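Data block below; observations after.
As a basis for the values below, the full set of heavy atoms in this structure was taken, side chains included, without hydrogen atoms, waters or symmetry mates. Proteins get letters first, then strands, A, B, ... in listed order; numbering begins at 1 in each. Everything numeric here is computed off the predicted structure, so don't read it as measured data.
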Amino acid sequence: MHIQHSDADPEAPTTDRLLRGLNAEQLAAVTLPARPALILAGAGSGKTRVLTTRIAWLLQTGQVSPGGLMAVTFTNKASKEMQARLSAMLPINVRGMWIGTFHGLCNRFLRAHWKLAGLPQGFQILDTADSLSAVKRIIKAMQLDEERFVPKQVSWFIAGAKEDGLRAKDVEIHDGQTQKLAEIYKAYEDQCLREGVVDFAELLLRAYELMRDNEALREHYRHRFQHILVDEFQDTNRLQYAWLKMFAGPHGAVFAVGDDDQSIYGFRGALVGNMADFEREFHVDKVIKLEQNYRSFGNILDAANHLIDRNSKRLGKNLRTDQGPGEPVRIFESTSDFAEAQWFLEEAQQLHRSGTARSEIAVLYRSNAQSRVIESALFNAGIPYRVYGGLRFFERAEVKHALSYLRLIENPNDDTSFLRVVNFPTRGIGARTIELLQDSARQTGRSLFQSVGSVAGKGGSNLAQFTGLIERMQQATRGLTLRDIIEHMLAETGLIDFYRADKEGADRVENLEELMNAAEAFVTQEGFGRDAVALPVDELSPGTLASRNTSRDVPGIQLDAPVTPDAETGEIMSPLAAFLTHASLEAGDNQAQAGQDAIQLMTIHSAKGLEFDSVFITGLEEGLFPHENSLQSNDGLEEERRLMYVAITRARKRLYLSFSQTRLLHGQTRYNVKSRFVEELPEANVRWLTPRNQAFGSGYAREYKSAWERGTGLGSMIGAGRVESSPVPKAMQDSRSATSSSGQQLRQGQSVFHNKFGEGVIVTLEGAGEEARAQVNFGRHGMKWLALSVAKLTPVD
DNA sequence: TGCCTGAATTTTTTT
DNA sequence: AATTCAGGCA
């Protein structure tokens, strides 16, 4: 069965409204025939619009029914946005459609076929922290050295193996170490299965394997999903790509949208190469490029284009805009991270006074540690701000405790949850007791909960009380609403009282109350569990997988899920189980100070996909950005450059770049050289707010610093133009100074020139006379120790 | 059991 | 600098 493209006339009046306003490339992409397609969508080129319009167009022209397409994203946010936009375009129920994250869709798939997948019906999902603690338990149980098998690394190894599609038996053994790692992996696998839990990577791998090994199922789904759309394709890892191929089949109409220039997740396994592979393996005959940018002004876009052009491995793409040049990109050099923050503060205030909303001002930085100075500047000035990142709602300790109790009510054999709360709040169950319990459980191959009876003594009776508590709660919460279940649990376990008694527990009590609200919202608003409820009812009722989208039946495939146990609601899982799944899969927004007009602070990674009127990229220093750990390989550097590209293209109207000569990091002062990325921008689109120095430590910057330290306002300094350099104060020429071989006076923080290494900054000076040595930061050439009697260092001013 | 001290440890992050 | 974590001790 092949749908003819000519069936759908893009000019038909019904689709006219949908397609209005699209440019030529967008229109071409949206109305492509049902064949594999690759869309190279530059930043700000209307990628999401193309994706959603494509879906709407396919539906409206009758080429596919809502059940016959699947749309995959990486984040919940992206999938929600897609659903929201789609339901605004068409009067359809988006809920039952297969639009979601890789993990969400896999969850849905495995819920429907739990038996075939070899999972317990009510399997729960481990988040990263849960999975780490499971690994820790294994390492302890196997009596391995935690120095040699660092739990985090082991956990990373297991996830990495899964993402390469490898089971424990498939892991390549090179030496004793990998041998042991494979054993740990195996034990971990067994443990997860025993406890009825899966980790994130497992969701994907298991779904992939089930499709691979079950031909009837594979045929069914390949036939069913006539269209598969993938967002952010450049971020797919090996397993995700294999998964897509499995669902699509060799000729499936996969509509992949991505931007190789925005691939910034290589460090966690994303393979940009998947784009080229896809083009080749699916025989994509024409790649459509969306190069018209609707976001930024010309100077910003030119700067971005020029910068990214330095990367070697590119599919090739150049963004253009009709918006005119706009403001130049402004660059500021400061003496310290503190001064940089103050400068930002002044500029941001200025922007705000001239009409920019605070929420349209963003500060982007490479690493989280950089936010602190900026935060404190904003805090002291009393300006509202919001920091992204950090602990999210469902990851907070008190919330995790509460969730663990809930999971035990649902499944008492969940050892991870058992251990988390067995003695919290404390009930006299110590480490020794737990050890005995674990030994017994290990010997009999049962869960901790099941083994409680085998521990005698005081610890044993305390344990019995604990299991009694869980059993009582199981009874008492039967039939209650989700909110009431949680309320009951919080009271019964003493959790809420514990935090009420704690004089610093007010926030935690609030979060627990918030948990009840979240549960209630989950039940009412969401109609609970779009992801958790396996399939829309229409697919379940016949008891086979044949759906109305397929022209022929696929006999013999029974759904694993009991068919509609609750006639009224069609519920397949209990609301509690569904809510727990939701909590794992969707960690919840970070503290959303919603409603406040606040300045936005975030890492560049978390800024991806967002846009702001004014963007400040701070800390543009060698070692920080590009980060020193990335410089080992050229690939690493190119990824950093793409990161810079992403950062630049977040800005609509104004872009500010700043770097600092000095930065307090991890408790010590670092002397940095300005980032190469600053130099890689075209002169024509840039304006320096400070004189463009040939090197650091210019007279201007020193004068600037001393003016600042005297308390002179920065704003006045900016307009003041170049200030003549002043001699270095006598006080600074003490122990921190030395004389170079050429007889020049050197001091800490001094910019110097070396014939081989180029420009650098003196970080440390030691010894005197013949013994004098200097540690110099040469930026891209790294940090060097030089003997001053030998090395020729010329001060630069 | 819980409190204290010392040591380590710091790229980027979603699910 | 700040936070987390393990281990020792009362």
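In this entry the distance linking CZ of R372(A) with P of dA1(C) reads 11 Å, nearest Å. Distance L585(A) CG to dT15(B) P: 9 Å, rounded to the nearest Å. As rounded to whole Å, 14 Å separates atom P of dA6(C) from atom CG of D145(A). In this structure, the CZ atom of R396(A) is 17 Å from the C1' atom of dT4(C), given to the nearest Å. A straight line from CG of D130(A) to P of dT15(B) spans 16 Å, rounded to a whole angstrom. Atom pair M602(A):CE and dT14(B):P shows a separation of 12 Å (rounding to whole Å applied). If you measure from atom CH2 of W156(A) to atom P of dT13(B), you get 17 Å, rounded to the nearest angstrom. In this structure, CD of E375(A) is placed 14 Å from C1' of dA1(C), rounded to the nearest angstrom.
In this structure, the ring pair (Phe, Tyr, Trp, His ring centres under 6.0 Å) partners of F498(A), at least two apart in sequence or on a different chain, are F424(A). Shown here are the side chain to side chain contact (heavy atoms under 4.5 Å, CB included) partners of K608(A), two or more places apart in sequence or in another chain: E232(A), Q234(A), D235(A), Q262(A), I264(A), Y265(A), V646(A). Residues satisfying the side chain to side chain contact (heavy atoms under 4.5 Å, CB included) test with S417(A), not counting sequence neighbours, are S404(A), R407(A), L408(A), D414(A). With sequence neighbours excluded, the residues satisfying side chain to side chain contact (heavy atoms under 4.5 Å, CB included) with E611(A) are R295(A), R652(A).
For dT15(B), the base has a donor-acceptor partner in the side chain of T128(A) [N/O atoms by modelled type, under 3.5 angstrom].
The backbone N or O of V198(A) lies less than 3.5 Å from no partner atom in the side chain of Q124(A), so there is not a single donor-acceptor pair.
Within the 6.0 Å centre-distance limit, the rings of F466(A) and F418(A) are counted as a close aromatic pair. Between F123(A) and W114(A), a ring centre-to-centre spacing not shorter than 6.0 Å is recorded. Aromatic ring centroids of F109(A) and F247(A) lie under 6.0 Å apart.
Contact annotation: R392(A) does not reach the phosphate of dT13(B) (side-chain N/O to OP1 or OP2, under 4.0 Å).
Between A341(A) and I374(A), the shortest heavy-atom distance links the atoms CB-CA, 4.2 Å.
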So which protein N/O to nucleotides 9-12 of chain B N/O distances come out below 3.5 Å?
| unit_1 | atom_1 | unit_2 | atom_2 | d |
| --- | --- | --- | --- | --- |
| dT11(B) | O4' | H627(A) | NE2 | 3.3 |
| dT11(B) | O2 | R366(A) | NH1 | 2.8 |
| dT11(B) | O2 | R366(A) | NH2 | 2.4 |
| dT12(B) | OP1 | N368(A) | N | 2.9 |
| dT12(B) | OP1 | N368(A) | ND2 | 3.3 |
| dT12(B) | O4' | R366(A) | NH2 | 3.1 |
| dT12(B) | N1 | R366(A) | NH2 | 3.4 |
| dT12(B) | O2 | R366(A) | NH2 | 2.2 |

Show me the protein contacts with nucleotides 1-4 of chain B, counting only N or O atoms at under 3.5 Å.
| unit_1 | atom_1 | unit_2 | atom_2 | d |
| --- | --- | --- | --- | --- |
| dT1(B) | OP1 | N423(A) | ND2 | 2.9 |
| dT1(B) | OP1 | I429(A) | N | 3.1 |
| dT1(B) | OP1 | I429(A) | O | 3.3 |
| dT1(B) | OP2 | I429(A) | O | 3.3 |
| dT1(B) | OP2 | G430(A) | N | 3.2 |
| dG2(B) | OP1 | T426(A) | OG1 | 3.0 |

